[in-house]
Amino acid sequence: MLGGSLDRRAAVACLLHDRKDLLVVTGLGSPAYDVMAAGDHANNYYLWAAMGSAAMVGLGLANAQPEKSVLVVTGDGELMMGLGGLATIAVQKPKNLTIAVIDNGHFGETGMQASHAGLGVEISAVAASLGFSWTGVITDMAGIEALRGRLDDRSGVRLATLKVKAENAPRVLPPRDGVHIKNRFRAALGFQPV
Amino acid sequence: MNAIDRVAGAGTDWQTAVFSVLKRHDVKHIVYVPDAGHATAIRLANADNSMKAVVLTTEEEGIAYLAGAWLGGERGALLMQSSGVGNCINTLGLIACARFPLLTAITMRGDWAEFNAWQNPMGQATEAALKLMGVMTWRADHAGDVEPLLHGAATMAFNGDSACAVLLGQRLIGEKQWVK
């Protein structure tokens, strides 16, 4: 099945290197573990459920914080469950939002069944046809570094598929207390609990 | 007011009230799947430069969007039809687990004088489905109830990190005309 040869942990760590005030939303499962493995951060919001929602949480955040760069890190299966959301994002065109799809072509969390991406759906091509300003297929670390360089530009909404190996790295679990993660994230932006 | 008056389009005042209450509660994001009952609020939101009006392909996108907006420090509301509640069920788990505020106004189908019986199963299950997922509900069947109930729901959503839904009944909205 498709996917690629990138090491997902190395790719995500590279993407988040020297992240400054980047705001990060993760989809549930392995992408959350990848982001956690790169270092827990108050500017991370980890989803543990609501599959298909990561990109739309990113859109709401990007629209509410237009001065900040927002990065969604999610899996190809998670993204596909909310595919309509890509159309919603495309018509909103938030200039501060980048979606990085960790594409291993499989449902890694549930036994490595082939996913739609693995069976031939190229998510970045879908995003391009929907009207995303920039889309890319990334197959090597130079491509990851180039994507990192785009996170702070304001040329338009971006999506890249990161073609990674279909293997489960050791789980590095983010905090699971949803209220804690929410309040920690908001506090880092200066918002107090109710 | 009798049913004929409602059919003729009376009751647009309550539609304006929906928008006014949201404005008064500092709602900055109105996310929606269109419904005729929400047409006024959607039009006013799209015309308001201090608001983001976001059209969704499906209602659960709105749950996720509003969570993101709240993470970024801003308030929003979801406008949808009762059939959309069914699409939101799993995503409402996010609201419950992280105690995000949720404010939604829901126009009812399958509720009263429904011509299309295919709307009935979800319409009849709407309020129970919301309650099953931890959403508090209020019903408005008369125009005068809309403003106070939505104000109350907004107060409890944003001051208490609570999930709050106001159901706008079909008797309020008026009977849909299928034959011209």
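All values below were derived from every heavy atom in this structure, side-chain atoms included, with hydrogens, water molecules and symmetry-related copies excluded. To find a chain, count down the sequence lines: A is the first, B the second, and so on, and within it residues start at 1.
- Following chains of ILVMFWY side-chain contacts shorter than 4.5 Å, one can reach Ile89(B) starting from Leu66(B), so the two form part of one hydrophobic cluster.
- With Thr57(B) as the partner, the side-chain contact (heavy atoms from CB on, under 4.5 Å) test is satisfied by one option alone out of Val91(A), Thr88(A), Leu86(A): Thr88(A).
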ask   = Does the pair Tyr65(B) and Leu61(A) meet the rule for a side chain to side chain contact (heavy atoms under 4.5 Å, CB included), with working shown?
value = CA-CA 7 Å; Tyr65(B) 180 100; Leu61(A) 178 59; over 6 Å; no
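- Remark: Lys95(A) NZ is loosely packed, at most 12 non-hydrogen atoms of other residues, nucleotides or ligands lying under 6.0 Å away.
- Ile181(A) and Trp70(B) end up in the same hydrophobic cluster when Ile, Leu, Val, Met, Phe, Trp and Tyr side chains are linked at under 4.5 Å.
- Across Gly73(B), Cys97(B), Ala67(B), Gly93(B), the residue that shares the most heavy-atom pairs under 4.5 angstrom with chain A is Gly73(B).
- There is no path of hydrophobic side-chain contacts, each under 4.5 Å, that joins Met112(A) to Val121(A).
- Residue Lys28(B): no heavy atom, backbone or side chain, is found under 4.5 Å from chain A.
- The stretch residues 129-153 of chain A places none of its residues near chain B, where near means some heavy atom under 4.5 Å from a heavy atom of that chain.
- Rounding to the nearest 0.5 angstrom, the gap separating the CD atom in Gln92(A) from the CG atom in Leu56(B) is 9.0 Å.
- Residues of residues 16-42 of chain A lying under 4.5 angstrom from chain B, judged on non-hydrogen atoms, do not exist.
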| said: Show, in sequence, the C-alpha distance, side-chain angles and deciding distance for Val194(A) and Asn159(B), and conclude whether the side chain to side chain contact (heavy atoms under 4.5 Å, CB included) test is met. | reply: CA-CA 6 Å; Val194(A) 295; Asn159(B) 293 296; 6.0 Å; no
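- What you find for Asn90(B) and Ala50(A) is that their closest heavy atoms are ND2-CA, 4.1 Å.
- Ranked by heavy-atom pairs under 4.5 Å with chain B, the list Gly178(A), Ala54(A), Gly60(A) is led by Gly60(A).
- Remark: the backbone N or O of Gly72(B) is not paired with any side-chain donor or acceptor of Arg186(A) at under 3.5 angstrom.
- Nearest heavy-atom pair across Ala64(A) and Ala69(B) is CB-O, 3.7 Å.
- Contact tally against chain A (heavy-atom pairs below 4.5 Å) for Val31(B), Val54(B), Ile63(B), Thr91(B): the top residue is Val54(B).
- Under the 4.5 Å side-chain contact rule for hydrophobic residues, Trp118(B) and Trp112(B) do not share a cluster.
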Checklist line | Glu60(B) vs Met56(A), side chain to side chain contact (heavy atoms under 4.5 Å, CB included): CA-CA, chis, key distance, verdict | finding: CA-CA 9 Å; Glu60(B) 67 270 31; Met56(A) 284 301 299; over 6 Å; no
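- Side-chain atoms of Lys182(A) come within 3.5 Å of backbone N or O of Arg99(B) as a donor-acceptor pair.
- Interface remark: Leu59(A) contributes backbone and side-chain atoms alike to the contact with chain B (heavy atom separation under 4.5 Å).
- The local environment of CZ in Arg154(A) is crowded, with over 12 non-hydrogen atoms from other residues, nucleotides or ligands closer than 6.0 Å.
- For the atom pair OG (Ser53(A)) and CG (Leu94(B)), the distance works out to 6.5 Å, reported to the nearest 0.5 Å.
- With a 4.5 angstrom heavy-atom cutoff, Leu71(B) touches chain A via backbone and side-chain atoms both.
- Only the backbone of Phe158(B) comes within contact range of chain A, with heavy atoms under 4.5 Å apart.
- Residues Met133(B) and Val57(A) share a single hydrophobic cluster, defined by chaining ILVMFWY side chains whose heavy atoms lie under 4.5 Å apart.
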